[in-house]
Each structure stands twice: as C-alpha cells, then as structure tokens.
> 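Next up is a structure, given as structure tokens.
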Amino acid sequence: MKEIITGAEALMRALRDEGVKTIFGYPGGAIMPVYDALYDYTRGEKKTFNHILVRHEQSAAHAAEGFARVSGDVGVCLVTSGPGATNTLTGVADAMMDSTPIVVIAGQVGVAALGTDAFQEVDLVGVAQPISKWSYQIRRPEDIAWAVSRAFFIARTGRPGPVVLDFPKNAQVSTTEWKSCHVDYVRSYVPYPKVDETCLKEAANLINNAKRPLALVGQGVELGGAQDELKEFLELGDIPAGRTMLGLSALPSDHPLNVGMLGMHGNLAPNVKEQECDVLIAIGMRFSDRVTGRTDTYARQAKVIHLDIDKSEINKNVQVDVPVVGDCKVTLPALTRLLRKANHPEWRESFLPLMERERKQVVIPAIHPTSGPLLMGEVVNAVAEATKGEAILVTDVGQNQMFACRYFKYRRNRSVVSSGGLGTMGFGMPAAIGATFGAPDRTTCVFMGDGGLQMSIQELGTIMEQQVPVKMILLNNNYLGNVRQWQDMFFERRKSFTRMLNPDYAQICTAYHIGYLKVTDREDLANAIDKMLSTKGPFLLECMIREEDNVLPITPPGKSVDEMMLNVEV
C-alpha cells in the first residue's frame, strides 16, 4: 500500500534514516511547514530529534560545526530563506576551510516565485556553490530522500565538508509516495582514492634513509580516525612530530615525539627544524600560509612527502617530491609496513635546546608570572591543569585562540575546536554549545576575548534555555587584542579602533541566570576555576588580563618560518 506524505514529513524521515539526533535551527516563514512536521518528531511516540533553538542562524552553523568536530558525525542546521540562509554562509565557508561535515537545510520561496525577487528570496545555490562541497535545490518532494542521503554521503566521506540544501516551499507542502533512499555512490566523485603503491615505496625509501625526518601532523589524522596509526608510524620511524593548530589533539601532549605546535604562533623548535630536516612528512595538513611563512624559503633542503586524501592539496602551496593520495587511515599503516625500525637520538635531542630557550624566554613568563596583572597564558595553563587534559578546548579567534592552543593540554582525540582557515570571530560560544551536545560526557571549555564574545553574545539565551553546561572563560583585556598587537608591532603603535568599551558581564549573566565570577587578582584564580568546574550547568569566568599582553613567539608576516621573534620590539 502506497504511503502518501508531504515533503516536510519526507524530510523528517530522511534525516531519521541518516541517524540524525540533534538539529540546530531557527524557524521562519519559508521553512514553517518543515518546523510544523518537526513538532511531532520532538515529542511523544515519534520523538526522534533534539532541536536546539539558537538566537542567530550563523550560530546554528557554528554549533553544527562544534557538534561535528567532537562527535565525528554530520552536524545539521535548519533555517529559513533569504537572510536566514545567508546568515549561515559564514559557517558554511568556515566548515569548508576546516573540512567540517555539516548539512545546512534552508527554506526557499516556491518554485513559481523563483527569480521574481520575492520576499526573502536569494539565490542560495549560486551563493553557496563556491564555499560548499555540494549545493542543491530540492524542487520536488519525490527528490527529498535522494537529495538528503546524497548530501550526507558527500558531507561525511572523503575530505569532509559542508553541503547546502535549498528547499522551496512548494516541495515542502506537496505530497509524494514515501520511498527511503540510500546513496553510497556518486558518479565522478571518488572520496577514497586508490593508493599508489609506487608512491608508498618511494616515500618509505626516503624515510628509511632519512637522518633528520620530521612529521607535520594535521587535522586529517583526526578526521580519518587514524590517531593510533599515527603513533605506530612515528614510533617505528622514531620521527619527531609537530602539529598544526587543528591537529593538536591527534597526538597526546605528553607523547615523547611531540615537539610542539607549528606556525606563526607555534613553538620555536618545530619551526626552526622544518628548515633543517632532510625529509618532511606532511600528514593530513594543507601547508597553510600560517604554517609555512614564506613558501619560497620553506624547507628547501628537504625531500617532501605529502599524505592527503584531497589530490587538489598536492603541490598547491608547497612542491612535493612524493605524493601519497588517500585516506590516512589506509596510507599510514601501509607506509608503516614498509618502514625499518629507526633510531634518531641526536636529531631528537637537537630539538631540546630550542625548547629550553623558548621555555625560559616565553613559556615560564607567560604561565608563571610573579607580579603584575593576570596573563592569558597563566589562565589557560591553570584551566588545563585543573581539567587534567581531559576537557574539550573550544576557542574564539584572536589572542585567546593562540594562547589557548599553545598552553592547553590534550590526552584524548577530537579535543580541539577552533576556526582555523577562516578565522571567524564569534565562532567560540556557538561552537562550544554544539560541542556539549556532540560529546555530552566531556567537559567543554571555551576561551573567548571580549571582542569575539560580543559577536555572539546573544547565544547566552540558548545556553540559558538549554542549560548547556559549557565553561566559558573570558580573557578580557579591553582590546581587540590580536589587532592591537599587530598595530603595536607593525603600525607604529597607532591603535586605530581596537580599544573596547565593555558591558558589565556580571549583570548580563544575572539576566541570563548563568553562573559568574570575575577574577582580577592572581591569588583568586585557582579557587575561581574550581568554582567554575564544580558548578553544574553553564558558567562564565571573566579574567581581567593585562591590556598589552602579547602572543609570543611570532613569525612576522613576510618572514621565513624560522625567523621567529621571542620578544616584541616596538
């Protein structure tokens, strides 16, 4: 017997078939039939989904990102047409840059009204196409099951990324016979390339004959679930490993082969040693400009091996000697099987003087100051010690991000959620909301600056309503700190519109019924952190930071990766 249902109902069933449990969204006119169908799926016998009502559509996308990054599942957000849809596009672009699997489903005016500049009409497919893996308009209800299954298949396979579905209102209200659909193949889309055995042998030969090998570990290891395979590879080859910002938790912080974070505000040792190694092995990373510095001087002495699932990343920024295209869950163990047991004690020990130099000149002053105002590094370090490396780190963008990533500690996989490629201020709070739903058994700590917090401060309403147990640490220096630092260093201290006049966060938290403490004195910090972590539910800890605290080291723009400044000269 045929079962005739509306397109809106078909969407609910298609999402259910994909295993969706959590949806972040905001209703509106063009998506109202879907929200009407959703009503029955969030209560009673048909209860399937937990819908999280955000306060801004951009936050729905960032929350879906946070959910996806810690859970490994596809994040889902549901919004209306026009401004509702365009508000999500920053999150779509962010997800594309950072390879995060989300599906955005947006309402649209009916097909008959398309192209008439109807109320809240926008060409979402056209706008989203360059910043998504796939963008598609579902014009008929009979196409819904196929389109949704295809969207999830594309979003989660290969190099993950965002998919946008534009859903005209006529397809929501029209009826169709329900037929479930499972897509596991798309013509011309090859998510998992066949590994070239010749390239594997060439890579193994280079590594086996290397005297000074260095691995660069990116988020691709986390996305591929290859953390164990990475450790086996590194340990057999005795290969020191630097990590990109998004790849930080791919290797435990205390692993003996971990030599620190790469990049502009990374650690001195791996950045210098990139310019001295004889074989450079990039694993699941894309040679971002923030990692390489000047590409014309980058690792010219080294043979470069690049393991990546996305062929388009090979030779895009850095010329590669041996490409190994494929899923690192497959390529890493395949490469490991070809390696000889190695031992490079002199090479590993050569990192130690650089580590010690940075520790004395930068790290100790940053996390263990003895006088003066609070510093960002010491707050991050104190929270990291209190959470014992078990918490999820979420950051906003700016100095708070760099300090947090430098000084937080990681023992578990999928523990770093930050806006890497796009650098989206306002990302932190909604991403942390999503992370708490993606990993409800873990503590989520989000570090924010006063600028980034105010870009998504409305999400305190979401936190209040859902009683999201996120621990928010506001590093308040009354500045747009990262821009201020660059103005001091490179623009003759001309602080053009970076000073911030901040609200009274105590009163704001009172209004939202959120736990709050303000710390100004160093001796109060430990007790305040204990109070935050022991409080059931959400908490905002405001830490008043030295206004001109600087992130160090820094590779100035236009410099080689090893030309790091350990002190700021202005």
Side-chain angles (χ1 to χ4, degrees), residues 3 5 7 9-23 34 41 48-49 64-65 67-78 92 95-96 98-106 125 128-129 131-167 171 176-196 219-226 229 284 307-313 324-334 414 438:
E3 186 178 14
I5 60 173
E9 172 71 18
L11 177 64
M12 297 297 104
R13 297 188 184 190
L15 292 175
R16 179 193 62 195
D17 287 352
E18 292 299 326
V20 174
K21 301 295 183 186
T22 305
I23 299 172
V34 168
Y41 281 83
T48 305
F49 308 119
E65 288 185 89
F67 176 92
R69 294 269 280 273
V70 301
S71 69
D73 296 328
V74 178
V76 179
C77 61
L78 185 63
V92 172
M96 189 68 175
D98 288 348
S99 305
T100 305
I102 66 171
V103 171
V104 175
I105 302 165
V125 171
Q129 209 160 28
I131 55 171
S132 61
K133 279 190 76 175
W134 186 48
S135 179
Y136 181 75
Q137 188 174 77
I138 308 173
R139 293 190 165 207
R140 307 182 309 162
E142 52 264 43
D143 296 332
I144 292 168
W146 166 82
V148 170
S149 183
R150 193 178 198 263
F152 277 78
F153 175 68
I154 291 172
R156 65 163 61 104
T157 56
R159 179 179 181 175
V163 170
V164 175
L165 294 177
D166 195 34
F167 198 9
T176 185
E177 180 186 357
W178 169 246
K179 292 180 180 179
S180 63
C181 181
H182 177 67
V183 173
D184 58 9
Y185 169 79
V186 175
R187 188 178 64 180
S188 78
Y189 172 57
V190 184
Y192 303 106
K194 183 179 179 181
V195 181
D196 188 323
Q219 188 191 200
V221 173
E222 297 260 60
L223 296 174
E229 289 80 0
L307 284 70
D308 205 285
I309 199 168
D310 186 352
K311 186 177 181 179
S312 70
E313 292 295 346
V324 180
V325 180
D327 185 352
C328 61
K329 185 78 170 176
V330 175
T331 57
L332 271 175
R414 291 190 174 273

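Computed from a prediction, not measured in an experiment: that's the story for all the values here. We number each residue from 1, following the sequence as shown.
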> Any sub-3.5 Å donor-acceptor pair from Ser149's side-chain atoms to Val183's backbone N or O?
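Answer holds: yes.
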> Do the non-hydrogen side-chain atoms of Glu18 and Val148 ever get within less than 4.5 Å of each other?
yes
> For ring pair (Phe, Tyr, Trp, His ring centres under 6.0 Å), just list the numbers for Trp134 and Phe153, CA-CA rounded to whole Å, side-chain angles, deciding distance to a tenth of an Å, and then say yes or no.
CA-CA 11 Å; Trp134 186 48; Phe153 175 68; over 10 Å; no
> Consider only side-chain N and O atoms of Thr100 and Asp98, and report whether a donor and an acceptor are under 3.5 Å apart.
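Asp98 and Thr100 do not have a side-chain donor-acceptor pair below 3.5 Å.
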> Using side-chain contact (heavy atoms from CB on, under 4.5 Å), reason through Leu15 and Phe152 one step at a time and then give a plain yes or no.
CA-CA 9 Å; Leu15 292 175; Phe152 277 78; 3.8 Å; yes
> Step by step, would you call Asp73 with Lys21 a side-chain contact (heavy atoms from CB on, under 4.5 Å)?
CA-CA 10 Å; Asp73 296 328; Lys21 301 295 183 186; over 6 Å; no
> Kindly say whether Ala95 contributes a backbone atom to a donor-acceptor pair with the side chain of Glu65 at under 3.5 angstrom?
yes
> Please give me the minimum heavy-atom distance between Ala14 and Ala145, naming the atom from each residue.
CB-CA, 4.2 Å
> Rounded to the nearest 0.5 Å, how far does CZ of Phe49 lie from CG of Leu78?
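So the gap between those two atoms works out to 10.0 Å.
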> Go through the steps for Val125 and Tyr136 under the test side-chain contact (heavy atoms from CB on, under 4.5 Å), then give the verdict.
CA-CA 6 Å; Val125 171; Tyr136 181 75; 5.8 Å; no
> Decide yes or no for Val163 and Ser132: does some side-chain heavy atom of the first lie under 4.5 Å from some side-chain heavy atom of the second?
no
> Would Tyr189 and Lys133 count as a side-chain contact (heavy atoms from CB on, under 4.5 Å) if you check the C-alpha gap in whole Å, the side-chain angles of each, and the deciding distance to 0.1 Å?
CA-CA 11 Å; Tyr189 172 57; Lys133 279 190 76 175; 2.8 Å; yes
> What is the minimum heavy-atom distance between Ala226 and Cys328, and which atoms define it?
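Of all heavy-atom pairs spanning Ala226 and Cys328, the closest is CB-SG, 3.8 Å.
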> Between atom CD1 of Ile138 and atom CG of Leu165, what is the distance when rounded to the nearest 0.5 Å?
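Separation between the atoms: 4.5 Å.
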> Side chain of Glu222, backbone of Arg414: donor and acceptor closer than 3.5 Å?
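At least one qualifying donor-acceptor pair exists.
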> So which heavy atom on Tyr41 is nearest to which on Met12, and how close?
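Heavy atoms only, the tightest pair is CE1-CB, 3.6 Å.
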> Over all heavy atoms of both residues, which pair between Val92 and Ile131 is shortest? Give the atoms and the distance, please.
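It is CG1-O, 3.3 Å.
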> So which atom in Tyr192 and which in Asp327 form the shortest heavy-atom distance, rounded to 0.1 Å?
CE2-OD2, 3.8 Å
> Between OG1 of Thr176 and CD of Glu9, what distance do you get to the nearest 0.5 Å?
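The distance works out to 12.0 Å.
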> Starting at CZ of Phe167, measure out to CD1 of Ile105 and round the result to the nearest 0.5 Å.
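So the gap between those two atoms works out to 8.0 Å.
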> Do you know the tightest heavy-atom contact between Ala171 and Ile144?
O-CD1, 4.0 Å
> Just how far is it from atom CD of Glu142 to atom SG of Cys181, taken to the nearest 0.5 Å?
13.0 Å
